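Report on the structure given below.
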Amino acid sequence: MNTPLPANDLDGQVLAIEPDAGKRKLSTAKAIQEAIAQQMRADDSVFVMGEDVGPYGGIFSSTTGLIEEFGPHRIIDTPISETAFIGTGIGAAVEGMRPIVELMFADFFGVCMDQIYNHMAKIHYESGGNVQVPMVLMTAVGGGYSDGAQHSQSLWGTFAHLPGMKVVVPSNPYDAKGLMTAAIRSNDPVVFMFHKGVMGLGWMKKNKRSIDAVPEESYEVPIGKARVAREGTDVTIVTLSLSVHHSLDVAEKLEQEGISVEVIDLRSLVPLDRDAILASVSKTGRLIVVDEDYQSFGVSGEVIASVVERQPGLLTHVSRVCVPDVPLPYASQLEYGVLPTPARIEAAVRDAVAGRGTS
Amino acid sequence: MNTPLPANDLDGQVLAIEPDAGKRKLSTAKAIQEAIAQQMRADDSVFVMGEDVGPYGGIFSSTTGLIEEFGPHRIIDTPISETAFIGTGIGAAVEGMRPIVELMFADFFGVCMDQIYNHMAKIHYESGGNVQVPMVLMTAVGGGYSDGAQHSQSLWGTFAHLPGMKVVVPSNPYDAKGLMTAAIRSNDPVVFMFHKGVMGLGWMKKNKRSIDAVPEESYEVPIGKARVAREGTDVTIVTLSLSVHHSLDVAEKLEQEGISVEVIDLRSLVPLDRDAILASVSKTGRLIVVDEDYQSFGVSGEVIASVVERQPGLLTHVSRVCVPDVPLPYASQLEYGVLPTPARIEAAVRDAVAGRGTS
Amino acid sequence: MTLYPELTDDARREMLRMMVLIRTYEEAILREYHADKSPGFDIGAGLIPGEMHLSAGQEPVAAGLALHLTTDDAMTATHRPHHVAIAKGVRLREMTAEIFGRETGLGRGRGGHMHLFDPETHFSCSGIIAEGLPPALGQAFAFQRRGTDRVAIAVAGEGAANQGAFHESLNLAALWKLPVVFVIEDNDWGISVPRAKSTSVTSNAVRGAAYGMPGIRVEENSVEGVYDAAGEAIARARAGEGPSLIEVHTLRLWGHFEGDAQGYRTDLEGVPGHDPLPTYRNALVARGVITDDDYATMQASAVERVEDAIDFAKGSPVPDPADALKYVFSEGAHS
Amino acid sequence: MTLYPELTDDARREMLRMMVLIRTYEEAILREYHADKSPGFDIGAGLIPGEMHLSAGQEPVAAGLALHLTTDDAMTATHRPHHVAIAKGVRLREMTAEIFGRETGLGRGRGGHMHLFDPETHFSCSGIIAEGLPPALGQAFAFQRRGTDRVAIAVAGEGAANQGAFHESLNLAALWKLPVVFVIEDNDWGISVPRAKSTSVTSNAVRGAAYGMPGIRVEENSVEGVYDAAGEAIARARAGEGPSLIEVHTLRLWGHFEGDAQGYRTDLEGVPGHDPLPTYRNALVARGVITDDDYATMQASAVERVEDAIDFAKGSPVPDPADALKYVFSEGAHS
Ligand SMILES: Cc1ncc(C[n+]2csc(CCOP(=O)(O)OP(=O)(O)O)c2C)c(N)n1
Ligand SMILES: Cc1ncc(C[n+]2csc(CCOP(=O)(O)OP(=O)(O)O)c2C)c(N)n1
Ligand SMILES: [Mg+2]
Ligand SMILES: [Mg+2]
C-alpha cells in the first residue's frame with residue numbers, strides 16, 4: 001500500500017514573490033536562493049555542495065530551483081560524508097573557488113567540526129595570511145517543531161567561540177539576501193546559520209516577518225553591523241534570528257501599556273557589534289538577552305560581559321531568556337517550556353521595568 | 001644513522017613520590033594515575049581506553065604504569081578512531097561498565113564531538129533518566145610550549161556550553177585525584193580536562209604547585225564546588241587550571257605592595273559554583289576573569305554574567321585576561337603575547353585597584 | 001524466547017507475523033501522524049509532531065533478524081527505528097507513548113521517535129547518521145568482557161556506509177573480534193540521493209573485506225535471505241569469531257519522512273509492485289505454510305496490539321513543562 | 001621541472017639526491033631542535049620549540065613521488081611533513097624560517113612545523129590525523145573543474161587509515177573520479193601502537209577495493225617501487241580515470257617525535273640495518289649509476305642548501321607580539 005501524502009510544499013515554492021504595495025516580497029528561503037543565484041551568475045567559481053541540495057532543493061529550501069538553472073555540475077549532491085565534502089569545500093576555496101557548502105543541520109557539527117574549526121577557520125591565520133579560504137558554510141538551526149535533542153539546536157555560540165570564522169545569523173529575508181551576498185563575496189570563511197522558523201516554509205509554523213520585501217538587485221548587508229530592529233527607551237532586548245520576531249511581537253504588545261522596548265538584532269556574532277549593544281543600553285540601562293542557544297557559556301554571557309567590562313555601573317537590570325542548559329526535549333509541552341517564547345520574553349520585560357529580578 | 005636521544009622522562013616517573021615534611025608529594029599526573037588505579041582495584045567494571053594509554057602510559061602521563069598492574073585487557077590501546085572508541089565507551093557505560101576514555105588532546109574534539117555531545121551527554125536525558133552513562137572522558141588541554149593552533153587549545157568553554165556532561169578542570173594534584181575519583185564514581189558522564197602545564201611533567205615547563213601533597217587513601221573532591229585558593233579583599237580573580245597558579249603567583253607578589261587578591265579556583269565548569277563567585281565579589285566588588293580558553297562566548301562572559309544578572313550594581317570593576325579570539329600562534333613570542341601570562345594578570349589587577357579600564 | 005537456528009515453517013510464520021505487526025504499526029503511526037496536521041501540513045502540529053521516518057517496505061530486515069535474538073542481545077538503530085525496535089521486542093505501549101511524547105513513554109517524552117532507549121531489551125537509536133554504530137561496539141565489548149555469548153546488532157542505512165563512523169566501527173570491531181553484526185539497509189536512497197550518487201561501489205558487502213570481515217549482500221528484500229545471513233553472522237559472533245557485515249537490498253515504500261513528495265524519485269512507479277509483504281504472504285500461502293485465514297488472524301491480532309498501544313499512548317499524561325529540566329543529570333543539582 | 005615517466009638512471013640519481021637532501025635536512029633540524037633544550041629536555045624551550053616529528057627513514061616515499069609532480073600539482077601532508085614538502089618543492093628557506101617561528105616563514109611564524117602552507121607549490125599539512133585528506137579532494141576538484149590535468153597527492157600514515165576521514169575521502173574521490181592519489185606511509189607505528197593493534201587488515205592496499213579504486217602496496221621501502229606505483233597512479237589521475245591508493249611499507253628511523261624514548265618499540269634493534277639511504281646508495285653504486293664521489297657531491301650540495309636555509313631562518317626577525325592578532329581575518333576588524 002502506498003501513502004496518501006498530504007498536499008504540501010516542502011520546497012517553499014508557493015510562498016515566493018507575493019507582490020504587495022508594489023514591493024516584491026520573498027520568503028527568507030527565496031531570498032537566500034536569489035542571493036546564491038545572483039552570485040553564481042556573476043562568478044563562475046561559486047558553486048553549491050551538500051546533502052540534498054540538488055533536485056530536492058535543500059531540506060529547508062535553501063537551494064530550491066538552483067539545479068534547474070545551474071545544473072548538477074554546480075549544484076552538487078554529496079554522500080553523507082560531511083568531513084569529506086566540507087574538506088572538499090576548503091580545498092576548492094584554497095584554490096580560488098567560492099564554495100557554498102551546506103551542513104544540513106548545525107546539530108551535525110560533531111561529525112565534521114575538525115574540518116570547520118581546525119581547518120576552514122585556521123588556515124588563513126596559520127599561513128600568515130598567505131592562503132585565503134573564501135567559503136560559506138550554510139546550516140540550519142533552531143527548534144520549535146519537536147525534532148528532538150539532535151535536530152533542534154541553535155549552537156551559534158559554539159561556532160562563535162572558536163576563532164577564524166565569521167558567524168552570521170539573519171532574521172529576515174532582506175538581511176538573509178544581503179548577508180548571503182556579503183558572505184559569498186567575502187574572502188574569509190563565513191558560517192551562515194539560518195533558523196528554520198525564519199525561512200517562511202509552507203510546512204512549518206512561521207511568523208509574519210519571514211516573508212518580506214526584498215530588492216531584486218544584488219546588495220550586501222555588511223557583516224558585523226547590528227540592526228536596531230525597533231527603537232525604545234525603557235529596556236533593551238539584544239537578540240538574534242527567530243527570537244527577534246518574538247521580541248518585536250512582545251515590544252508591539254507592551255507598547256500599548258506604555259512600555260518602550262528597544263530590540264537589537266545582532267545579525268552577526270563574529271564580528272559582534274559591541275558598540276551597538278552599548279549604545280542601546282546607554283539609553284535604557286536595562287538589558288535582556290534573548291537567545292535560543294543554550295544559556296551558559298554562550299552568547300548571552302558574552303553580550304552582558306561586553307557591556308559591563310566597558311561600563312560596570314551602567315546596567316540597572318540584566319536578565320536572560322535562553323534555553324536553560326538542557327537538551328531540547330521532544331514533547332511540545334517540554335520544548336516550549338525551555339524555548340525563549342514570547343511569554344517568557346514578555347515576563348522578562350515586565351520584570352525589568354518593575355525592577356524585579358528574574359529567576 | 002640513529003638519533004642521540006636526550007635524557008628525558010616522557011613518562012613523568014622521576015617526579016613521583018618525593019616525601020616532604022612527612023607528607024607524600026605527587027605530581028598531578030601521578031595523582032590521576034593513583035585515582036584511576038584505586039578505582040580499578042575497587043571496581044572491576046572500570047577500564048581505560050585511548051591512544052597510547054598502554055605501554056606508553058599516555059602522552060601526558062595520565063596512565064603511566066597502569067598497564068603493568070592491570071594488563072592490556074583493562075588498559076587498552078586503541079586505533080586512531082576517536083569516534084569509534086569513544087562510542088565504545090558509551091556503549092560499555094550503558095551496559096554498566098565504567099570506562100575512562102582518553103581523548104589525547106581536547107583539540108581533537110572535532111573528529112568525535114558527535115559521540116560526545118549528542119550521545120554521551122544526551123542519552124540520559126533522552127531516555128528520561130532510564131539509561132545512565134557513567135563514563136569519564138579525560139583529555140589534555142592548554143598551550144605554552146609552541147604546539148601550534150591545533151594542539152594548544154583549552155576549549156573548556158566549548159564543552160561546558162553543551163548540556164548533559166559535567167566538566168571538571170583540576171589545577172593541582174590534590175584536586176586532580178579527588179575529582180578523578182569523584183568522576184569515576186559518578187553515574188553521569190564527566191569530562192575531565194587536565195592542563196599539560198599542571199601535570200608536573202619532567203619535559204615541560206612546570207610550576208611549583210604541580211607537585212604537592214596528596215593523601216594515599218581514596219577521597220572525593222565534590223564536583224561543582226569552587227575553592228578559595230587564596231583569600232583577599234581588594235580584587236577577585238576567578239580562574240581555573242594553570243591560570244590558578246599564575247594568579248596565585250601574582251597575588252603573592254602584589255601582597256607585598258598591599259594589594260589583596262582573592263583567587264577562586266573554579267575546579268568545575270559544569271556545575272558552575274556561581275555562589276562562590278558571588279560570595280567573593282560581594283567582598284571585593286572587583287572581578288577579573290582569567291581564562292586560557294578563547295575570550296568571547298565562553299567562560300569569562302558566563303562568570304561575569306552570573307554576577308550581574310543577580311546583582312547588577314555590585315561590580316565596580318570587571319575585566320578579562322583570556323586568549324583573545326585568535327588561533328594559538330606557534331612562535332613563542334606570539335603565543336606568549338596571547339596567553340594569560342602572569343604579566344597580563346598583574347597589569348589587570350593593578351588596573352582594577354587603580355580603577356582603570358583594561359583594554 | 002525461542003531461537004530458531006533452522007528455517008522451519010514455524011519460523012516462516014513467525015517472520016510473516018512480525019512483518020504484519022510492523023506494517024500494521026507503521027500504518028497506524030502514519031494515520032495518527034497526519035490526522036491533525038491539516039489544513040496545510042504543519043510538521044510541528046498534532047499529537048505526533050516532528051519528523052517521522054517510517055519503515056514500511058523494510059520489514060524483511062527486522063523480521064529476518066528477530067528470531068535470532070534474545071532480550072539480552074543489544075541493538076542500535078537509526079532515525080528509522082520502529083521496525084527493528086519491534087523486532088527486538090521493545091514494548092509497543094511505551095514506545096508508542098514516547099512517539100506521542102507522553103510521560104509514560106520510554107524516555108518520558110524527552111526522546112521522541114528518533115531517540116528510543118529501552119534498557120530492558122538493550123535497544124537504542126540515534127538520529128545522527130552512522131553514529132549509532134559505535135555504541136553498539138561498546139555493548140558488544142561489555143558482553144565479551146563478561147564472558148557471555150550475547151551479541152549487538154548495529155543497523156544503518158546504505159547512505160550511512162559512507163560516513164566515517166562506519167569505517168571506524170568496522171575496523172575496531174574486527175580488530176577486537178567484537179560480537180557485533182553490522183546490518184546495512186540498502187533502500188536505494190539517502191533522502192533524495194540515490195545510491196549511485198553516494199557510494200563508489202555497487203554493494204557495501206564488498207567493504208567487509210577492507211576489515212577482514214565477512215560481507216554478504218541479501219538481494220530482493222528477502223526475509224529468508226536475511227534470516228539465513230543473520231543466523232550465520234550471529235552464530236559467528238556468539239562463538240567469539242568476530243563481527244560480520246550484512247547488506248540487505250530492501251525497499252523504502254514511502255517517502256524519506258512524512259511530507260516528502262518524492263519528486264526526485266525515479267523508481268516510484270515500480271514501488272508498490274515490490275512490496276515485500278504481499279510477496280511473502282503469497283509465497284507462504286502458495287507453499288501451504290499459511291492459509292488466508294491464518295493471515296487474517298495475524299492481521300487482526302496485529303491490529304489489536306497496535307491499537308492497544310496507540311490507545312495507551314493517547315490516554316497517557318503529557319509531561320509537565322515544570323519538569324523539563326529533570327533528567328539532565330542523574331545526580332546533583334542542575335547547574 | 002622535468003617529469004620522468006620512465007625510470008631512467010637520471011631519475012634514479014635525482015631520487016637519491018632528493019633522499020640525501022631530506023635526510024640532511026632532518027639531521028640539521030634534529031641538531032637545532034636539541035641544541036638548546038638541555039639540561040633536562042624542555043619541549044617548549046630553544047630556537048625550535050614544540051613537538052617535532054621527523055621523517056628520517058621515510059625519504060623513499062617523498063623521493064619516489066617527487067619526479068612525477070609539477071609545481072602546479074597539490075599535496076597535503078601530516079604532522080610529519082618535511083620530507084614530502086621538500087619533495088614537492090617547498091622553498092627550504094621559508095619552510096625553515098617557519099619551523100624557527102620567524103616572520104619570514106611560510107606562515108610568518110603563526111603556523112609552525114605541523115602547519116606549513118605554501119600557495120606557490122600548493123602544499124599544506126595538518127596536525128590532525130587524516131584530516132589533511134579532505135582538503136586534497138577540494139584541490140583536485142578545482143583542478144578537475146578547470147579542465148586541467150593537475151593532480152593532488154594526499155599523504156597520511158597507516159594509523160590515519162583507521163580514521164573516518166580516510167574512508168569518506170576515498171569514497172568521495174572515487175565517486176567523483178577526482179584526480180587524487182592517496183599515499184599511505186606505513187611505518188608500522190602510530191606513536192606507540194603497532195599496526196597489528198590498530199588495523200584489522202595487514203595491508204591498507206586491500207581497502208582500495210572498498211571504493212572501487214586500485215590499491216597497491218609497495219614493499220621494502222623501495223623508492224623505485226614508489227616511483228613506479230606513483231607514476232602509474234598519477235598518470236591515471238591526470239587522464240581523468242580517478243583516484244588510486246598506494247601504501248608504502250616504510251620505516252620510522254627515529255622516535256615518533258623528538259624526546260620519544262621508544263621504550264615500547266620492539267623492532268628497535270633491527271632499525272639501523274633497514275635505513276633506506278645507505279641501501280639505495282649502495283645499490284646505485286653497485287649498479288654503476290653513481291660513484292662514491294657523486295654521492296659525496298650530493299651530500300655536500302645538500303649540506304650547503306640546508307645550512308643556507310638554517311642560516312636564513314636564524315637570521316630572520318622573530319614576530320612582534322603586538323602583531324599576534326594579525327591574519328585572523330583577511331578583511332574587516334578583529335571582533
Ligand atoms: C550526520 C548526519 N548527516 C545528515 C543527516 C540527515 N539525514 C537524515 S536521514 C538521511 C539519509 C539517510 O540515508 P540512509 O542511511 O540510506 O538511511 P534511510 O533514510 O534510507 O533509512 C540524512 C542525510 C543526519 N541525520 N546526520
Ligand atoms: C585526530 C587525531 N588523533 C590523534 C592525534 C595524535 N597523534 C599524532 S601523530 C599520531 C600517530 C599517527 O600515526 P600514523 O598515522 O601512522 O603517522 P606516523 O606518525 O606514523 O607518521 C597520533 C595518534 C592527532 N594528531 N589527531
Ligand atoms: Mg537509504
Ligand atoms: Mg605510522
Side-chain angles (χ1 to χ4, degrees), chain B residues 44-45 47 49 73-74 76 78-97 99 111-112 114-115 118-135 160 163-167 186-189 222-224 268-274, chain C residues 74 76 98 103 105-112 114-120 122 124 126-143 145-146 150 152 154 163-173 175-176 178 319 325-335:
Chain B
D44 64 14
S45 70
F47 67 98
M49 189 166 50
H73 227 63
R74 293 181 71 193
I76 307 168
T78 62
I80 310 172
S81 306
E82 286 85 357
T83 288
F85 71 74
I86 292 175
T88 299
I90 295 169
V94 162
E95 293 299 334
M97 299 190 77
V111 305
C112 53
D114 191 72
Q115 286 298 320
N118 264 337
H119 293 84
M120 183 187 83
K122 288 181 182 162
I123 286 175
H124 184 264
Y125 188 80
E126 289 169 334
S127 73
N130 290 319
V131 179
Q132 294 186 340
V133 187
M135 163 168 166
M165 45 192 163
K166 296 187 172 169
V167 179
S186 168
N187 289 327
D188 292 318
I223 297 173
S268 77
L269 292 175
V270 180
L272 179 65
D273 191 347
R274 296 180 162 89
Chain C
T76 65
E98 187 59 27
E103 191 66 35
L106 288 173
R108 301 185 213 262
R110 272 81 179 158
M114 290 189 271
H115 307 291
L116 305 169
F117 293 89
D118 181 18
E120 249 179 51
H122 305 269
S124 65
S126 168
I128 308 296
I129 296 304
E131 296 282 328
L133 304 178
L137 305 191
Q139 296 179 291
F141 177 92
F143 298 162
R145 286 304 158 103
R146 288 172 178 155
R150 297 159 65 187
Q163 191 72 311
F166 169 86
H167 173 70
E168 295 187 17
S169 298
L170 269 73
N171 180 62
L172 197 72
L175 187 70
W176 293 354
L178 295 174
L325 304 195
K326 230 167 137 176
Y327 309 119
V328 179
F329 292 116
S330 66
E331 56 201 19
H334 188 261
S335 91

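Keep in mind that this is a model prediction, so the values were computed, not measured. Within every chain, numbering begins at 1; the chains are lettered A, B, ... in the order of the sequence lines, protein sequences first and strands thereafter.
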Check the angle between the aromatic planes of Trp176(C) and Phe141(C) and answer parallel, tilted or perpendicular using the 30° and 60° thresholds.
tilted
Under the ring pair (Phe, Tyr, Trp, His ring centres under 6.0 Å) rule, collect the residues that match up with Tyr125(B), sequence neighbours excluded.
none
Tell me, side chain or backbone of [X] under 4.5 Å from chain B's heavy atoms, or both, or neither?
X         : result
Asp118(C) : neither
Ala136(C) : neither
Leu175(C) : side chain

Can you tell which part of [X] gets under 4.5 Å to a heavy atom of chain C, answering side chain, backbone, both or neither?
X         : value
Gln132(B) : side chain
His124(B) : both
Asn118(B) : side chain

Quick one: which of [options] has the most heavy-atom pairs under 4.5 Å with chain C, could you say?
options                                   : value
Pro222(B), Ser186(B), Gly224(B)           : Ser186(B)
Thr78(B), Ile223(B), Ile90(B), Ile123(B)  : Ile123(B)
Met49(B), His119(B), Met165(B)            : His119(B)
Ser45(B), Ser127(B), Gly129(B), Ser268(B) : Ser127(B)

Okay, side chain of Glu98(C), backbone of Gly107(C): is any donor-acceptor separation there less than 3.5 Å?
yes
So does Gly109(C) get a backbone contact from the side chain of Glu103(C), meaning a donor-acceptor N/O pair under 3.5 Å?
no
side-chain contact (heavy atoms from CB on, under 4.5 Å) assessment of His122(C) paired with Arg150(C):
CA-CA 11 Å; His122(C) 305 269; Arg150(C) 297 159 65 187; 3.2 Å; yes
Counting only pairs under 3.5 Å, give me each side-chain donor-acceptor contact of residues 79-87 of chain B, with atom names and distances, residues two or more places apart or in other chains.
{"from": "Ser81(B)", "atom 1": "OG", "to": "Asn162(D)", "atom 2": "O", "distance (Å)": "2.8"}
{"from": "Glu82(B)", "atom 1": "OE1", "to": "Gln163(D)", "atom 2": "NE2", "distance (Å)": "3.0"}
{"from": "Thr83(B)", "atom 1": "OG1", "to": "Val111(B)", "atom 2": "O", "distance (Å)": "2.7"}

Only pairs of heavy atoms separated by less than 4.5 Å count here; which of His167(C), Arg146(C), Lys326(C) has the most with chain B?
Arg146(C)
Looking at chain B, which one of Gly112(C), Ala165(C), Pro135(C) has the largest number of heavy-atom pairs inside 4.5 Å, strictly under?
Pro135(C)
Heavy atoms, side chains only, cut-off 4.5 Å: are Asp44(B) and Arg74(B) in contact?
yes
Run the side-chain hydrogen bond (donor to acceptor under 3.5 Å, both in side chains) test on Tyr327(C) and Arg110(C) for me, step by step, so that the C-alpha distance in whole Å, both residues' side-chain angles and the decisive distance to 0.1 Å come before the verdict.
CA-CA 9 Å; Tyr327(C) 309 119; Arg110(C) 272 81 179 158; 5.5 Å; no
